[in-house]
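These notes are about the structure you will find just below.
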Amino acid sequence: MTDGKERIPYGELARKAIEAAGMSYSPYSKFRVGAALLSEDGRIFTGCNIENASYGATVCAERTAFFKAVSEGVRRFSAIAITGGTDGVGLAAPCGVCRQVMAEFCGPEFKILLVTGKERWETHTLGGLLPLAFGAAMMEKK
Ligand code: THU
């Protein structure tokens with residue numbers, strides 16, 4: 001299913017986020033997170049959380065997806081779908097660090113789909129989840 005105005009394939013993104021959660025490496029928390037990031041040119045980059053015995057070395061699913069895309073030269077994005085839970089599907093709002101990484105590459109209209117179940121999601125925007133984001137433009141102000 002696509003959104004008429006923005007041509008965002010919400011259903012496909014949701015399904016790919018659930019699929020990505022299946023790749024989660026989370027032996028410590030047992031909380032499986034998946035993300036599917038849509039670039040402006042229509043490509044989808046997936047990511048899962050990857051934990052580490054040294055807990056601080058863990059990386060979230062959202063950042064895995066962003067870093068995969070950016071490392072392949074893609075920097076413009078329209079939307080991300082995120083899901084998580086012990087069974088890999090359910091409400092998993094992005095952590096503060098991931099919101100900040102999103103703000104580095106995306107504006108306030110960037111869509112964030114929180115996938116709450118199979119074929120179920122809520123839509124948010126980055127501006128709504130991270131108001132008054134710190135960014136490069138602020139450093140240029142005197
Ligand atoms: N996690 C994510 O992957 N994304 C988030 O935005 C929140 C937390 C992961 C990190 C860790 O592997 C597990 O969820 C529990 O915190």
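Order of listing sets the numbers, starting from 1, for every ligand and every atom in it.
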Give the numbers and elements of all ligand 1 atoms closer than 4.0 Å to a heavy atom of [X].
| X | answer |
| --- | --- |
| S29 | 13 (C), 15 (C) |
| C95 | 5 (C), 6 (O) |
| F31 | 14 (O) |
| A61 | 2 (C), 3 (O) |
| P94 | 6 (O) |

Could you find the nearest protein heavy atom to atom 8 (C) of ligand 1 and give me its residue, atom name and distance?
C60 SG, 3.9 Å
Nearest to atom 11 (C) of ligand 1, what protein heavy atom do you find, and at what distance?
E51 OE2, 3.3 Å
Inspect the contact between K16 and E12 and indicate whether a charged nitrogen and a carboxylate oxygen are less than 4.0 angstrom apart.
yes
Check ion pair E72-R43 (N to O, under 4.0 angstrom)
yes
Quick one: look at A93 and ligand 1, take heavy-atom pairs under 4.0 Å, and tell me if it's side chain, backbone, both or neither.
backbone
Check whether S54 reaches the backbone of G56 with its side chain - one donor and one acceptor, N or O, closer than 3.5 Å.
no
Could you say whether the N/O atoms of [X] and ligand 1 ever approach to under 3.5 Å?
| X | result |
| --- | --- |
| V33 | no |
| E62 | yes |
| N49 | yes |

Chi angles and distances behind the side-chain contact (heavy atoms from CB on, under 4.5 Å) call for L114, H124
CA-CA 8 Å; L114 301 182; H124 298 266; 3.6 Å; yes
Begin from the C-alpha positions of E122 and T116 and carry the test side-chain hydrogen bond (donor to acceptor under 3.5 Å, both in side chains) through to its verdict.
CA-CA 7 Å; E122 16 178 285; T116 53; 5.6 Å; no
Ignoring hydrogens and angles, state whether a donor on the side chain of E51 or S29 is under 3.5 Å from an acceptor on the partner side chain.
yes
Between N49 and S24, is there a side-chain donor-acceptor contact under 3.5 Å, judged purely by atom types and distance?
yes
Protein non-hydrogen atoms only, distance under 4.0 Å: does atom 3 (O) of ligand 1 have such a neighbour?
yes
After noting the C-alpha distance and the side-chain angles of F45 and F66, does the key distance pass the ring pair (Phe, Tyr, Trp, His ring centres under 6.0 Å) rule?
CA-CA 8 Å; F45 296 85; F66 267 86; 9.6 Å; no
